[in-house]
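Each remark here refers to the structure printed beneath this line.
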Number of protein chains: 2
Amino acid sequence: MDEILLKKYADVENCPVRNVLDRFGDKWSTLVLLVLDDVAVIRFNEIHKMIDSISQKMLAVTLKSLEADGLIIRKQYPEIPPRVEYTLSERGASLIPHIKSLVQWANANFEDITKSRAAYKK
Amino acid sequence: MDEILLKKYADVENCPVRNVLDRFGDKWSTLVLLVLDDVAVIRFNEIHKMIDSISQKMLAVTLKSLEADGLIIRKQYPEIPPRVEYTLSERGASLIPHIKSLVQWANANFEDITKSRAAYKK
DNA sequence: TCTTTGACTTACCAAAAGTAAGTTAATAAC
DNA sequence: GTTATTAACTTACTTTTGGTAAGTCAAAGA
């Protein structure tokens, strides 16, 4: 194994792959993006209903980081009680096909994977 | 928002998207797969050198779960000190293009995202 | 006999995520 | 004119997940 390959994934700063996976390899980001793609416009509590297993705390954190990355747009109305609407940005929308291709693969292979996992008992 | 959409991502069991993301949305799986794709055959300690930020513990856990899912193949030689070689399975290999398409997107958008994130200060 | 070697485990500690309660301010109900 | 309600979050606390460093195992070499 040569030296260049050895260093390729070594440190986070200089490794684009690491940068990507650190950003989207979290538990909720991709799922939230898929939901936004599905509904176009959606409010905080509606997302929470659709993904009932996410906590409000983590939904807030996830939305904030997606907004910071410019993947979603947050529009707040000056009303009380507050109304906030989330939509995909263009950048976010351009990511969707790539995520969906992953999901398709997973759907196609889900059964086999589940069988493998059941057979593997150690 | 209609009822069907509301339920779509609701619970883990019945949601294929959730199943996928729970499986590959962990911190290390995709990166390990990419490394295996890069080198074809590789030993435990070599992976650890290439991804120096992963702990031995998590590398062991990750490899075990990838093996359980039938995405990688573990070949152990009856030697001492032990020798274990890891390779992608066919199933694992079929996943690689989808991961790479995500990585390409990320490379293309990395700079802009970094700028957005820097500009976002709250 | 003692050290080295590679692929892991284990015990302990730190960081991330989950839970449930609290905050805010205007309108509605009593 | 208090009290309750409402949406989008925070905060304090607990649990789960991941990181660190040391330990294990068995043969071959010094």
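Order of the sequence lines sets the chain letters (A, B, ...), proteins ahead of strands, with each chain counted from 1.
- Residue B:Trp28 places no side-chain N or O under 4.0 Å from the OP1 or OP2 atom of D:dT17.
- Nearer the 5' end of DNA chain C, as judged by each residue's closest nucleotide, is the contact made by B:Pro82, out of A:Ile80 and B:Pro82.
- Between C:dA17, C:dC8, D:dG19, one nucleotide has an atom nearer to the side chain of A:Lys57 than all others, and that is C:dA17.
- Side chain to side chain, B:Glu85 and B:Tyr77 meet the donor-acceptor criterion of an N or O pair below 3.5 Å.
- When the nucleotides D:dA8, C:dG6, D:dC9 are ranked by their closest atom to the side chain of A:Arg43, D:dA8 comes out on top.
- Among D:dA8, D:dT20, C:dG18, the nucleotide with an atom closest to any side-chain atom of B:Ser55 is D:dT20.
- In this structure, A:Arg74 reaches the D:dC9 phosphate: one of its side-chain N or O atoms is under 4.0 Å from OP1 or OP2.
- When rounded to the nearest whole Å, the span between CE of B:Met58 and P of C:dC8 equals 15 Å.
- A residue-by-residue look at A:Gln56 and A:Pro81 shows that A:Pro81 has its nearest nucleotide of DNA chain D further toward the 5' end.
- When rounded to the nearest whole Å, the span between CD1 of B:Ile51 and P of D:dG19 equals 12 Å.
- Within the structure, every side-chain polar atom (N or O) of B:Lys49 is placed at least 4.0 Å from both OP1 and OP2 of C:dG6.
- A single hydrophobic cluster is seen to contain both B:Val61 and B:Leu59, as judged by linkage of ILVMFWY side chains at heavy-atom distances under 4.5 Å, directly or through other members.
- Atom NZ in A:Lys64 sits roughly 8 Å away from atom P in D:dC9 (whole-Å rounding).
- Checked for salt-bridge contact, A:Asp69 and A:Arg91 miss the test: no charged N lies under 4.0 Å from a carboxylate O.
- The residue A:Tyr77 sits apart from the nucleic acid: no heavy atom pair falls under 4.0 Å.
- Distance CD (A:Gln76) to P (D:dA7): 15 Å, rounded to an integer number of Å.
- If you take NE2 of A:His48 and C1' of C:dG18, they are 11 Å apart, rounded to a whole angstrom.
- One interatomic measurement links the two molecules: NZ of A:Lys75 to P of D:dA8, which rounds to 15 Å at whole-angstrom precision.
- For D:dC9, one of the phosphate oxygens OP1 or OP2 lies less than 4.0 angstrom from a side-chain nitrogen or oxygen of A:Tyr86.
- For B:Arg83 and D:dA26, the CZ to C1' distance is 17 Å, given to the nearest whole Å.
- Rounding to whole angstrom units, CG of residue B:Leu59 and C1' of C:dA7 are separated by 10 Å.
- If you check the side chains of A:Arg74 and A:Thr87, you find no donor sitting under 3.5 Å from an acceptor.
- Here the straight-line distance linking atom CZ of B:Arg43 with atom NZ of B:Lys49 works out to 9.0 Å at 0.5 Å rounding.
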